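As structure tokens, the structure follows; a few thoughts come after it.
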There are 2 protein chains.
Amino acid sequence: MTADIKPGSRRRGTSETSAELPDKESIIGYKLRRAQLLVFQDFIQTFAKMKVRPAEFSVLAMIARTPGLKQTEIAEALGIKRANFVALMDGLETRGLADRRKGDIDRRSHSLHLTPEGERFVRKMIATWNEHENRMIERLGGAQDRDHLIELLDRLLAGEPSPDE
Amino acid sequence: MTADIKPGSRRRGTSETSAELPDKESIIGYKLRRAQLLVFQDFIQTFAKMKVRPAEFSVLAMIARTPGLKQTEIAEALGIKRANFVALMDGLETRGLADRRKGDIDRRSHSLHLTPEGERFVRKMIATWNEHENRMIERLGGAQDRDHLIELLDRLLAGEPSPDE
DNA sequence: TATTGTTATACTCTATAACTATA
DNA sequence: TATAGTTATAGAGTATAACAATA
């Protein structure tokens, strides 16, 4: 259960095994949190005019990609508790962007779809999103670096269940 | 102001300029959030027995590295609003780990120090932290990959002011 | 009995305004 | 007048328990 870190890589990082005081600049979780905050802040500013928050964006994008999924399926896939999903979906429905349809076979479930207005809204949303995402890719140094970052983050996430109930 | 992404890197990522529906698996902010949540969850579990949360850890580590800093200096460096720092510091003081000393020159300010018990606590804390951090480094593939991840995150953060008031 | 969606609720983080004591 | 620390408070985001309708 000991770490067993690969050797020959101490060019710049801090100690792995000693009792050295950690510097926040080399702590994975700290840097991850700061970077995530920055990216979300850019996202929120970019989408302020459209009144779309990150969670709403991910729900709309997922309904657009795969219409007809059940509420619980979408909530689970995005790591949102189904209890908290209700108010989020209420908002999208009130704004006329998406709607719930009673399932034919299982009448407990709701399948989710975009309204025609929701379809139009999502098209504008994607354009705005490209603007934001390209800005982040530029900061990273290009799409290749983006791919590399995603790969490293996937390694952290590998084999983990969705953080849902 | 258009993106101007480096060419020749479309091996795996999704489109940068079209109106394609984004897949959550290739969205920087989404992956960043999930990875950060996972790392913090591991941190919280690892430190459950010591009753130390991430913010408390970073404050204790910073006081240990640089004793005598003012409250506001530490709060700002860690991206914590000074109003929210008060309760956090109250907790550390109540537990006998750190204390505030009235500044000699400027008697409005408080300089922060560890108590002797705080020093002992921090030593145990660092050992526990190494356990957690090594687990994360292992997941990434080694210290070199950790360094690479930190570098990519630093690019996102480059030139940004601390997200403080 | 179990599951889907729902309500109510609570707890943590974060954000802002206003106060006090010093400067 | 401005600053350091503080208080109070409000808003997100997230977590759990329990209920009604349906399976």
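Model, not experiment: these values are computed from the prediction. Below, chain A is the first sequence line, B the second, and so on; all start at residue 1.
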### Message
Can you tell me whether the side chain of B:R108 and the base of D:dT3 have a donor-acceptor pair closer than 3.5 Å?
### Response
yes

### Message
Can you say whether a donor on the side chain of A:R82 sits under 3.5 Å from an acceptor on the base of C:dT4, or the other way round?
### Response
no

### Task
Report yes if a side-chain nitrogen or oxygen of B:K70 is closer than 4.0 Å to either non-bridging phosphate oxygen (OP1 or OP2) of D:dA4; otherwise report no.
yes

### Query
Taking only side-chain nitrogens and oxygens of A:R100, does any of them come within less than 4.0 Å of OP1 or OP2 of C:dT6?
yes

### Task
Inspect the contact between B:E119 and B:R123 and indicate whether a charged nitrogen and a carboxylate oxygen are less than 4.0 angstrom apart.
no

### Salt-bridge criterion met for A:E56 and A:R53 (N-O under 4.0 Å)
yes

### Query
Which part of the nucleic acid, if any, lies within reach of B:N84 when heavy atoms closer than 4.0 Å are counted: base, sugar-phosphate only, or nothing?
base

### Query
Looking across every strand, which nucleic acid part, if any, lies under 4.0 Å from B:I105 by heavy atom: base, sugar-phosphate, or nothing?
sugar-phosphate

### Message
Is any side-chain heavy atom of A:Y30 closer than 4.5 Å to one of B:L78?
### Response
yes

In whole Å, what is the span from the [atom1] atom of [X] to the [atom2] atom of [N]?
X: B:R107; N: D:dA2; atom1: CZ; atom2: P; result: 23 Å
X: B:H110; N: C:dT20; atom1: NE2; atom2: C1'; result: 12 Å
X: A:L37; N: C:dA15; atom1: CG; atom2: C1'; result: 13 Å
X: B:F85; N: C:dT16; atom1: CZ; atom2: P; result: 19 Å

### 5' precedence on DNA chain C between B:R53 and A:D90 (nearest-nucleotide basis)
A:D90

